[in-house]
Q: 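Provided herewith is a single structure, encoded as structure tokens, for subsequent inquiry.
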Amino acid sequence: MSLSLIHSYQELPHILFSNIKPTPVKNPFIQIFNQKLANEIQLPFNQNWVHILSGNELPENCKPIAQAYSGHQFGHYNILGDGRAILLGEWRTPQNQLVDIQLKGAGPTPYSRRGDGRATLSAMLREYLISEALHGLDIPTSRSLAVVRTGEVVYREELHVGAILTRIASSHIRVGTFEYAVRKLSNEEYRKFLNYVIDRHYPTCKNSAIPALALLESVTEKQALLISQWMSVGFIHGVMNTDNMSIAGETIDYGPCAFMNTFHPATVFSSIDHQGRYAYANQPAIAQWNLAVLAGTLLPLIDSDQKIALEKAKAVIEKFPELYTSSWKRVMRNKLGWKKELATDEILMNELLAWMETEKADYTLTFLAIEDPEKIQQPYFQKDSWKIWLSAWEKRCEEEGSSAKEARKNMLLYNPKFIPRNHLVEEALEKASKQNDMSMFLELVYVLQNPFMTNEQHYSWMFPPEEGDTGYTTFCNT
Ligand code: AMP
Ligand code: MG
């Protein structure tokens, strides 16, 4: 089958990747295919491409690779690499954007260590669902093109149905790729790698006096925006290791991620995050920590005098909290229906969060309760403390020359009615992977791709489970 894939990454030094073919699978079957995404990027894929999407056949002229990278995992440096993902190549979209086409779960690679190179159907459907949900929420993310069942079993303490996800991303270059490259490449090669990343993701940095510093600034800005968007919808990535942070500023590597229901800053879902390193409220600080690691790798390209390089890089990293806060305030202003910035906004926003924490209120519903008090009637919205905050909000709307009515209209565009509620995600995955019943999963994908839309048919999906979901745990590496 012909498909003109590009292999620009392979013009870089060979130590950055390994040539490796997907391992064929027994009996591939397309479980879900994202035709809308295929159309968007004009990829001539369709349901008949099962052999390509399973790795059983390669498109003509395709030279697949696994990419090498390192990473700080829970603060500790390790050499990693694509242990179960194989990059088929890059594709140029109609918007002249280069995107990676990658098969996740396509078999072992030289970086697999003790892993089997495979993935379970349930984990790949989970990534499909949550990445499409983030996209629906207008949050930068890798996309999911398809999930193919392999017809083989995967062993993870028990037997699971095996699957492969086709992932589309601006690239899979990570903070960890820089950590690897700076250690493995000569100065000249490392500069070539830098230029490649700049050309691909931040071309304007090329004209800067110090391109490496400009790149660091751009990535810092992108990450500040991304994390503020995560925080604004209650998304917890769960495993923000430096190898899971994309240079392009997209959400990547969906493992133990989940959305928070009851607001609490210390919320953690991942079964392996015992210290709460990647808890909800720690995400901005961890992003800054990761960016400091990136800065460290860029020092030799910033200035030949290490002291000067360090000072310049430090100045960029120290700007992160301010960039993050102003970005967060912007997204929160939108969520609260305000068009102008007023000095007291942050106080009112923090009072709202403090109220949610005290009342154990649902994060998403709280905004919907401001938007439509008639419709959202949890007991805690009957309390005086809520009425007091709400009247302060109304007063604030008037202070910018608007009204509560106007603000409520503005809010409709920014407050999702639907997030991937954990209990629904689990129920849909259970039915899809254990009973081969995709109906709920498909419905949930549709609803989450349109999260701002009123949808009376799925009214109950707006709400957390009545009994709450304390103790909900997610697992990575499945
Ligand atoms: P993560 O932090 O979950 O994104 O993955 C950490 C590392 O483990 C990456 O290098 C993955 O490629 C690798 N990995 C995860 N699962 C497997 C598997 N089943 N087989 C081989 N490598 C894996
Ligand atoms: Mg990863």
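Note that these values count all heavy atoms, side chains included, but never hydrogens, waters or copies made by symmetry. Each ligand, and each atom within it, is numbered from 1 in the order the structure gives.
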Q: Is the terminal nitrogen or CZ of Lys335 (NZ for Lys, CZ for Arg) located under 6.0 angstrom from the six-membered ring centre of Phe367 and within 45° of that ring's axis?
A: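 Ring-cation test returns yes.
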Q: Does Glu157, at its CD atom, have more than 12 non-hydrogen atoms belonging to other residues, nucleotides or ligands within less than 6.0 Å?
A: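 At most 12 heavy atoms, drawn from other residues, nucleotides or ligands, come within 6.0 Å of this atom.
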Q: Heavy atoms only: give me the nearest Leu88-Cys62 pair and the separation to one decimal.
A: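 Smallest heavy-atom distance, with atoms named: O-SG, 3.3 Å.
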Q: Counting both backbone and side chain atoms, is some N or O of Asn241 under 3.5 Å from an N or O of ligand 1?
A: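 N/O-N/O distance below 3.5 Å does not exist for this pair.
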Q: If we only count N/O pairs under 3.5 Å, is Asp82 in contact with ligand 1?
A: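 No, there is no polar N/O contact under 3.5 Å.
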Q: Tell me whether Arg174 is salt-bridged to Glu179, with the criterion being a basic N under 4.0 Å from an acidic carboxylate O.
A: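 The answer is no: the pair does not qualify as a salt bridge.
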Q: List every atom of ligand 1 that sits less than 4.0 Å from any heavy atom of Gln73, numbering the atoms from 1 in the order shown and giving each element.
A: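 Answer, ordered by atom number: 6 (C).
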Q: Hey, does the Lys NZ or Arg CZ of Arg143 hover above the aromatic six-ring of Tyr128, less than 6.0 Å from the centre and inside 45° of the axis?
A: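 No; the conditions do not both hold, so Arg143 does not lie above the ring face of Tyr128.
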Q: Can Glu40 and Lys36 be counted as an ion pair, charged N to O under 4.0 angstrom?
A: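 Looking at Lys36 together with Glu40, the answer is no, because their closest N to O distance does not fall below 4.0 Å.
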Q: If we set the cut-off at 4.0 Å for heavy atoms, which region of Tyr69 has an atom near ligand 1: side chain, backbone, both, or neither?
A: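 It is the side chain that gets close, since no backbone atom is under 4.0 Å.
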Q: Return the number of protein N, O or S atoms with a distance to the Mg ion (ligand 2) smaller than 2.8 Å.
A: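 Those protein atoms number 2 in total.
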Q: Please check if atom OH in Tyr446 has more than 12 non-hydrogen atoms from other residues, nucleotides or ligands closer than 6.0 Å.
A: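 No - once you tally the heavy atoms of other residues, nucleotides and ligands closer than 6.0 Å, there are 12 at most.
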Q: Would you please determine whether Met240 falls within less than 4.0 Å of ligand 1 on a heavy-atom basis?
A: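 Distance cut 4.0 Å: Met240 fails for ligand 1.
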Q: For atom CG of Asn350, is the number of surrounding heavy atoms from other residues, nucleotides or ligands below 6.0 Å larger than 12?
A: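 Check passes, neighbour count above 12.
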Q: Leu80 heavy atoms, cut-off 4.0 Å: which ligand 1 atoms fall inside?
A: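 Every atom of ligand 1 under 4.0 Å from some heavy atom of Leu80: 10 (O).
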Q: Any salt bridge between Lys104 and Glu127, counting N to O under 4.0 Å?
A: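 Glu127 and Lys104: salt-bridged.
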Q: Inspect the surroundings of CD in Glu322 and state if more than 12 heavy atoms from other residues, nucleotides or ligands are less than 6.0 Å away.
A: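 Result for CD/Glu322: open.
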Q: State whether the number of non-hydrogen atoms from other residues, nucleotides or ligands found under 6.0 Å of Lys21 atom NZ is greater than 12.
A: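 Open.
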Q: For atom 10 (O) of ligand 1, state which one of Gly83, Gly238, Ala123, Gly81 supplies the nearest heavy atom.
A: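 Nearest heavy atom to atom 10 (O) of ligand 1 lies in Gly81.
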Q: Counting from 1, what ligand 1 atoms have a heavy atom of Arg156 closer than 4.0 Å?
A: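 Result: 19 (N).
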Q: Mark the output for Arg113 as yes if a heavy-atom distance to ligand 1 is under 4.0 Å, and as no if none is.
A: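 Yes; Arg113 lies near enough to ligand 1 that a heavy-atom distance drops under 4.0 Å.
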Q: Could you tell me whether Asp116 approaches ligand 1 through its side chain, its backbone, both or neither, with non-hydrogen atoms closer than 4.0 Å?
A: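 The answer is both, backbone and side chain.
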Q: Taking only heavy atoms of Asp253 into account, list the atoms of ligand 1 that are under 4.0 Å away from them.
A: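 Selected atoms, number and element: 4 (O).
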